[in-house]
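Working notes, structure below.
Since the model is a prediction, treat every value here as computed from it, not as a measurement. Quick note: residue numbers are just sequence positions, from 1.
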Amino acid sequence: MFVLELTYTVPLDRIDARLPDHVDWLNRHYADGTFLASGRKVPRDGGIILAVGEDRAAIEALVRTDPFAVEGLAAYTVTEFLATVVAPVLEPHRQQLPG
């Protein structure tokens, strides 16, 4: 599982202008099962996405397709973690520790 943290690198008016494209991108990846949750950070200087994927390389390639990243409007930090304890709704995504 991955935590994707976006940090805006431009003023909010430029973010807002591309927000519909970013939301379309989010919706595509909710539909394919990659994204589990997302939202704005408080204060509004970026956002967070909770994602699942095959591996870190695939997730890093995916975030490079976000319109915010393509246009240099936001920088991403990708943090991988093992979701060993989850709410019942996330049970299909529960992971085991190695070994």
> For the rings on Trp25 and Tyr30, is their centre-to-centre separation under 6.0 Å?
Replying inline: no
>> Tell me whether Val3 shares a hydrophobic cluster with Val52, the cluster being built from Ile, Leu, Val, Met, Phe, Trp, Tyr side chains joined at under 4.5 Å.
In response: yes
> Do Pro67 and Asp24 have side chains that get closer than 4.5 Å, going by heavy atoms?
Replying inline: no
>> Using 0.5 Å steps for rounding, measure from the CG atom of Leu26 to the CG atom of Asp21.
In response: 11.0 Å
> Got a second to check how far Asp16's CG is from Leu73's CG, nearest 0.5 Å?
Replying inline: 11.0 Å
> Between atom CZ of Arg28 and atom OG1 of Thr65, what is the distance when rounded to the nearest 0.5 Å?
Replying inline: 7.0 Å
> Hey, is the main chain of Ala83 close enough, under 3.5 Å, to the side chain of Gln95 for a donor-acceptor pair?
Replying inline: yes
> Are Tyr76 and Val70 connected in a single hydrophobic cluster, I mean Ile/Leu/Val/Met/Phe/Trp/Tyr linked by side-chain heavy atoms less than 4.5 Å apart?
Replying inline: no
> Going through the distances and angles, do Asp45 and Thr7 end up as a side-chain contact (heavy atoms from CB on, under 4.5 Å)?
Replying inline: CA-CA 6 Å; Asp45 62 359; Thr7 301; 5.5 Å; no
>> Using side-chain contact (heavy atoms from CB on, under 4.5 Å), reason through Ile48 and Arg40 one step at a time and then give a plain yes or no.
In response: CA-CA 6 Å; Ile48 299 289; Arg40 293 177 177 176; over 6 Å; no
> Hey, does Lys41 have a side-chain heavy atom less than 4.5 Å from the side chain of Leu6?
Replying inline: no
> Mind checking whether Val89 and Phe81 sit in one hydrophobic cluster, side chains of I, L, V, M, F, W, Y counted as touching below 4.5 Å?
Replying inline: yes
> Can you check whether Ile59 reaches Thr34 side chain to side chain, under 4.5 Å on heavy atoms?
Replying inline: yes
>> Would you compute the distance between atom CE of Met1 and atom CG of Leu90 and round it to the nearest 0.5 angstrom?
In response: 6.0 Å
> Got Tyr8 and Phe68 here, is their nearest side-chain heavy-atom distance under 4.5 Å?
Replying inline: yes
> Same hydrophobic cluster for Val78 and Leu82, using side-chain heavy-atom links shorter than 4.5 Å among ILVMFWY?
Replying inline: no
> Would a 4.5 Å heavy-atom cut-off, applied to side chains only, mark Leu12 and Arg44 as touching?
Replying inline: yes
> His22 and Asp66: side-chain contact (heavy atoms from CB on, under 4.5 Å), yes or no, with the steps?
Replying inline: CA-CA 6 Å; His22 173 73; Asp66 177 0; 2.9 Å; yes
>> Please report the interatomic distance OG(Ser38) to NE2(His29), rounded to the nearest 0.5 Å.
In response: 12.0 Å
> Between CD of Glu5 and CD1 of Ile49, what distance do you get to the nearest 0.5 Å?
Replying inline: 11.0 Å
> Do the charged groups of Arg56 and Glu60 touch, with an N to O distance under 4.0 Å?
Replying inline: yes
>> Donor-acceptor check, side chain of Thr77 to backbone of Leu4, threshold 3.5 angstrom: yes or no?
In response: no
> Pick one: which of Val86, Leu50, Leu36 meets side chain to side chain contact (heavy atoms under 4.5 Å, CB included) with His93?
Replying inline: Leu36
